[in-house]
Amino acid sequence: MERQWWQDKVAYQVWPKSFYDTNGDGIGDIPGIIEKLDYLQQLGIGILWLSPVYKSPLADQGYDIADYYAIDPRFGTMEDMDRLLAEADKRGIKVLMDLVVNHCSDEHPWFQKAVADPEGPYGQYFYFRKGKDGKPPCNWRSYFGGSVWSLVPGQTDLYYLHLFHKKQPDLNWENPALRQEIYKMINWWLDKGLAGFRIDAIVNIKKDLSFRDHPVDRPDGLADLHPMFQRPEVQKGLCDFLEELKENTFAPHNAFTVGEVFDTTPDKLAEFIGEKGHFSSMFDFAAHCFGMHEKGWCKAVQPTPTDYRDCCFASQKNAAGIGFLANIIENHDEPRGVSRYLPEGADSDAAKTCLATASLLLRGIPFLYQGQELGMSNTVFPSIQAVDDVSTLGEYQACLEEGMTPDEALAVCARYSRDNARTPVQWTDGPNAGFTTGTPWMPVNPNYTRINVQDQQGREGSVLEYYKKLISLRKDEKYKETLVWGQWEPLFEDQEGLMAYRRRADKDLLVICNLSDSPRSLALPGTIKKVLLTNQEGGPQPGFDRYAAQPWQAVVLEMDA
Ligand code: GLC
Ligand code: CA
């Protein structure tokens, strides 16, 4: 496979609203990201992904765009954005924006013109359909709960489709005029100097246009929309759209693209991220999907560290020889990884750095999410009224419909809510964790006095300093041939709670992460030449072919050739 400029980089996701506020309005902003570029550079970041900063009513926190060519004033100005690109460039950091083109905002002029004149050209930018027997055209449930159909304002029997929130009308990709508008916009941004995009919810752009009912599966009387993705004509249609998109935009710019791809199967990997794939990479969500249930969060099962490992390993095996997955432990849509994958009460710094090692040295490109490098964990939820996230509110409702008490429903939502990832980044132990001098738009996690940059920066043994070492090992000229492009092979797969693998090219490296609180003695495949990294004192010794792993110990070993 031909090598690509992005493969040896480590990426970092900024969710701007909670990153860093510079003007005291309690909302993170682009100048705040610029101020922290040195921090990101010291961490070793080579690619920065910005969640949406476009003009938006923020009904879904910016994933509802009202103007693709403007920056929302709460985040800054287009001059700020240009300055961010220039300043990032000086530090060798490439910038990706979020590309949200499955839907826009109901406050986008396209939608407003469509509402004003459903029969006119902009009516064709959306999916407007007549109702069926006084009801919406079909019974699909939106991702955030409730019907995917809402009445077009001012109409009594004309509906528009929204697979997500009702303020996020789906764009009609069947319309070539709409597609051209999208390509023009993408090229405008790429010409500005963006290195590429993270591509939101992209598999949704092709619909089953028959809009047939699916079997009702919950007390709300609605049905899962997912069966539509299994239809061959939908799969084929998606592929055609994605190829046209790539040829008209990303390919001529040699842009890096990472797709948010759910609902695909291993046999489709080559089509998505192979040499000629639709995207450069796609996120590996295997561990995030583990234990999820068709009834929603109320029936979800928590993964154990072994489940986590098995998910990651299955993905590594599937992608071998095909392409680079984007490996994550969390993002803005998921609870914090250390709260999800480590057993309850086991979130020591050792456990956090052990999980980090296990994830970052897999084959693929690692994406960190803001605060992950500090070991930020889930927050507290005093009441459902304190919840901001639209998807959590939908899941809460579903929990109640399944018969849970409000307290039980709140406990479940606290475990999975996207708000866990959306509390402000903890910069200091001072007021509001140093995130803002005003009132933060969302309360900071009360653990900021314990977990913050100020405390960890420069402190040997902190989670942050460990992340720096881990990232610099992956980038080290001596080892990157092996850690970036080398083969990946699982080790000790029969051992519960152990995530161990071998990376091989010109070097032979073992990554052994004891994701458990029991010590264990391991017979290694060869003799240790050098200990490249460990998250705890003691353990492996050069010259030995055995290693006594301590609880939550992670080691990276170079073996004799
Ligand atoms: C993606 C985004 C998520 C958003 C949704 C709708 O899943 O990551 O935050 O709510 O798409 O745009
Ligand atoms: Ca601000």
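Heavy atoms only: backbone and side chains are in, while hydrogens, waters and symmetry mates are out. Atoms within each ligand, like the ligands themselves, are counted from 1 in listed order.
The side chain to side chain contact (heavy atoms under 4.5 Å, CB included) test applied to Lys268 returns Gln235, Thr264, Thr265, Glu271, Phe272, not counting sequence neighbours. In this structure, the salt bridge (charged side-chain N to carboxylate O under 4.0 Å, His left out) partners of Asp106, at least two apart in sequence or on a different chain, are Lys167. For Arg415, the side-chain hydrogen bond (donor to acceptor under 3.5 Å, both in side chains) test picks out no residue, with sequence neighbours left out.
The ligand atoms of ligand 1 that sit less than 4.0 angstrom from a heavy atom of His332 are 2 (C), 3 (C), 8 (O), 9 (O). Residue-ligand proximity, Phe144 to ligand 1, at heavy-atom distances under 4.0 Å covers atoms 10 (O). Near Arg422, meaning under 4.0 Å from one of its heavy atoms, ligand 1 places the atoms 9 (O).
Ring pair Trp297/Tyr416 is tilted by interplanar angle, where 30° to 60° counts as tilted. The aromatic rings of Tyr160 and Phe128 are tilted relative to each other, their planes meeting at an angle between 30° and 60°.
Looking at Asn318 and Ser315, their side chains never bring a donor and an acceptor atom within 3.5 Å of each other. For the residue pair Asn327/Ser359, the side-chain donor-acceptor check at 3.5 Å is not satisfied. Inspection of the Tyr63 and Ser51 side chains reveals an N or O donor paired with an N or O acceptor under 3.5 Å. Between the side chains of Asp29 and Thr22, at least one donor N or O lies within less than 3.5 Å of an accepting N or O.
Neither the backbone nor the side chain of Phe283 has any atom closer than 4.0 Å to an atom of ligand 1 (non-hydrogen atoms only). Here His103 has side-chain heavy atoms under 4.0 Å from ligand 1, and that is the only part of it that gets that close. The side chain of Arg198, and not its backbone, has at least one atom closer than 4.0 Å to an atom of ligand 1 (non-hydrogen atoms only; side chain from C-beta on).
Taking 4.0 Å as the cut-off, Glu334 does not count as a neighbour of ligand 1 on heavy-atom distance. The shortest separation from a heavy atom of Tyr143 to ligand 1 is not under 4.0 Å, leaving the residue out of contact. Heavy atoms of Arg418 approach ligand 1 to within less than 4.0 angstrom.
Take the Ca ion (ligand 2) and draw a sphere of radius 3.0 Å; the protein N/O/S atoms inside it number 5.
From the protein, the heavy atom lying nearest to atom 11 (O) of ligand 1 is Asp200 OD1, 2.8 Å. When only non-hydrogen protein atoms are considered, atom 7 (O) of ligand 1 lies nearest to Glu260 OE2, 2.7 Å. Protein heavy atom closest to atom 8 (O) of ligand 1, with residue, atom name and distance, is Asp333 OD2, 2.4 Å. At the top of the distance list for atom 5 (C) of ligand 1, counting protein heavy atoms only, stands Phe164 CE2, 3.7 Å. Here the heavy atom of the protein found nearest to atom 10 (O) of ligand 1 is Asp60 OD2, 2.5 Å.
Ion pairing between a basic and an acidic side chain is recognised when a charged N comes within 4.0 Å of a carboxylate O; Arg418 and Asp60 show such pairing.
Within the 4.5 Å cutoff, side-chain heavy atoms of Leu242 are placed close to those of Phe279.
Taking the six-membered ring for Trp, Tyr68 and Trp188 have ring centres at least 6.0 Å apart.
Between the side chain of Asn445 and the backbone N or O of Tyr448, no donor-acceptor pair lies under 3.5 Å.
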